[in-house]
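Below, chain A is the first sequence line, B the second, and so on; all start at residue 1. Values below: all heavy atoms of this structure, side chains included; hydrogens, waters and symmetry mates excluded. Quick caveat: nothing in here was measured; it's all calculated off a predicted structure.
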Protein chains: 2
Amino acid sequence: MRAMNPVATTNPLSRQRRKEARPAELTAAALELFVERGFAATRLDDVAARAGVSKGTLYLYFASKEELFKAVIQQGLLPVLAQGEEMMAQHRGDASTLLRELILRWWALVVNTPLSAIPKLIISESGNFPEVARYFQEQVGSRKDQLLGNVLQKGMQSGEFRQLDIPATIDLISAPILMRVLWRYSLKPCGSGQQDDETYLNTYLDLLLNGLRTKGVRT
Amino acid sequence: MRAMNPVATTNPLSRQRRKEARPAELTAAALELFVERGFAATRLDDVAARAGVSKGTLYLYFASKEELFKAVIQQGLLPVLAQGEEMMAQHRGDASTLLRELILRWWALVVNTPLSAIPKLIISESGNFPEVARYFQEQVGSRKDQLLGNVLQKGMQSGEFRQLDIPATIDLISAPILMRVLWRYSLKPCGSGQQDDETYLNTYLDLLLNGLRTKGVRT
DNA sequence: TACATTACTGACCGGTCAGTCAGTAATGAG
DNA sequence: CTCATTACTGACTGACCGGTCAGTAATGTA
């Protein structure tokens, strides 16, 4: 019953020293609260409390609120991007299939998890926190664009896709996915009726791949 | 030289009484500042100053910051929606042309004007101001969905468009337009290189109409 | 047991801002 | 020219929160 368990949350009164685990616990708590309330509206007191420490402790590990946000981005999204790049490198089939698989992977690992809040936060709060937006764009946005650009290039070269402006098409592919999570966090809580994810995803893939495909080729 | 001109801005020192003109001046000033800084980050002192009055005066005309925002929405977007509904009612040609015209109209009257900031603000700040989001959804969002739904219905009935889930397709049509303005206000200022509007719009219409069109029908 | 190190705490500070209200001055009526 | 009405002002209040730092207590060392 005494002193054997090092987990602070099991005994909120104790002041355990757990240098190793703190950063991950703090970023996890931060992500949760950022999802619930947004970045600017989340108080660092609350982040610290949810992680079972005081605000002072938070400042031992992160120099500022913005640095904490950057750490959340890094821990959350970089691994997913790496997976996507891996898929691209390994793939051998046609571009439609690769594109579909990348989208499904992103949907499963980001859209359907709390990580989906990160792009929402960036878009919402970049005006007041440009440094964070710049970091996101550099670490995540540009890598995602690179990845999609490569797939499109491949499909256009093989004649599978029509010739379209690549940068514009990258954004057009990304838009419905991003909007989906924006909707979830913005309008759904306020009563906007929206269909299920399944239908949305299928209609999106259908419309997109049909739009990209060279005319006259069937299926 | 004296007392003939009732416009406060020409003589900032005078305390003119101009009950009629104040509300419009205040909502105009509010839109400008909301665009520049976002809703939460805009100080009412600044809104009042830009309109040439004091903060106290603002509270004579609007009960709270949120009511001011609602007035901005009403004054800005409701007239544009009315135009769209008018076009729908008048149109006699095919659904593709109608859809294209509606999109071009929205682009010209909203995307390319400061009004484009309003959807951005709603999405960004709805979490902290749900009442405003609800108002927007009710007054603007649902009417826009209704309009697009009617066009799609028309196109699918005539066999011009493929059979797709209508609510999902409405959102998929809206997403690239909304994302475009979100990008402008979020990531562009932070150095995300983006193509020109012309290319984006053309690629969007191309991809969309090609995706919607029944297979085997040309042009 | 004594002492050094350091993870951790939480009261506090300084700055911000939505909303208030007692007072001021422009206007209009008689 | 009064005097009443009311549009307008701006100093003030109370709440909020990012960031600080002097102090506390857990742990390691000998």
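- Scored by the side-chain hydrogen bond (donor to acceptor under 3.5 Å, both in side chains) test, B:Thr97 finds B:Asp94 as partners (sequence neighbours excluded).
- If you measure from atom CG of B:Leu26 to atom C1' of D:dT9, you get 14 Å, rounded to the nearest angstrom.
- Atom CZ in A:Phe129 sits roughly 10 Å away from atom C1' in D:dG18 (whole-Å rounding).
- In this structure, A:Asn128 places its CG atom 15 Å from P of C:dT16, rounding to the nearest Å.
- Look at CZ on B:Arg22: it is 11 Å from C1' on D:dT9, rounded to the nearest Å.
- With D:dA7, C:dT6, D:dT20 as the choices, the nucleotide that has an atom nearest any side-chain atom of A:Arg17 turns out to be C:dT6.
- Within the structure, the ring pair (Phe, Tyr, Trp, His ring centres under 6.0 Å) test picks out no pair touching residues 134-155 of chain B (sequence neighbours left out).
- In this structure, B:Gln16 atom CD and D:dC8 atom P are separated by 9 Å, rounded to whole Å.
- Whole-Å rounding puts the B:Lys19 NZ to D:dC8 C1' distance at 12 Å.
- Contacts of A:Asp46 classified as side-chain hydrogen bond (donor to acceptor under 3.5 Å, both in side chains), with partners at least two apart in sequence or in another chain: A:Arg37, A:Arg43.
- The side-chain hydrogen bond (donor to acceptor under 3.5 Å, both in side chains) contacts involving residues 140-150 of chain B comprise B:Glu85-B:Arg143, B:Lys144-B:Ser174, where partners must be two or more places apart or lie in separate chains.
- Looking only at distances, no side-chain donor or acceptor of B:Lys70 sits under 3.5 Å from a matching main-chain atom of B:Glu131.
- Legend: residues meeting side-chain hydrogen bond (donor to acceptor under 3.5 Å, both in side chains) with A:Glu66, ordered by chain and number and at least two apart, are absent.
- Counting only residues at least two apart or on different chains, the side-chain hydrogen bond (donor to acceptor under 3.5 Å, both in side chains) pairs with a member in residues 197-206 of chain A are A:Arg180-A:Asp197, A:Asp196-A:Thr199, A:Asp206-B:Arg162.
- Protein atom CD of B:Glu25 is 14 Å distant from nucleotide atom C1' of D:dC8, rounded to whole Å.
- Within residues 58-69 of chain A, the residues having any heavy atom under 4.0 Å from DNA chain C are, by residue number, A:Leu60, A:Tyr61.
- Protein atom CZ of B:Arg18 is 8 Å distant from nucleotide atom P of D:dC8, rounded to whole Å.
- Residues from residues 30-46 of chain A lying near DNA chain C, meaning a heavy-atom separation below 4.0 Å, are absent.
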Pair pattern of DNA chain D in dot-bracket, where unpaired bases get dots and | marks partners in another strand, Watson-Crick or G-U under 3.5 angstrom
||||||||||||||||||||||||||||||
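- A:Lys120 and A:Ser124 share a donor-acceptor pair across their side chains, judged by distance under 3.5 Å alone.
- Shown here are the side-chain contact (heavy atoms from CB on, under 4.5 Å) partners of A:Tyr59, two or more places apart in sequence or in another chain: A:Leu44, A:Lys55.
- Take A:Phe69 and apply the ring pair (Phe, Tyr, Trp, His ring centres under 6.0 Å) test, not counting sequence neighbours, and it matches A:Phe34, A:Phe39.
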Please set out all donor-acceptor pairs under 3.5 angstrom arising from side-chain atoms of residues 99-112 of chain A, sequence neighbours excluded.
residue	atom	partner	partner atom	Å
A:Arg105	NH1	A:Gln83	OE1	2.3

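- In the set D:dA7, D:dC8, C:dA18, D:dC8 carries the atom at the smallest distance from any side-chain atom of B:Thr57.
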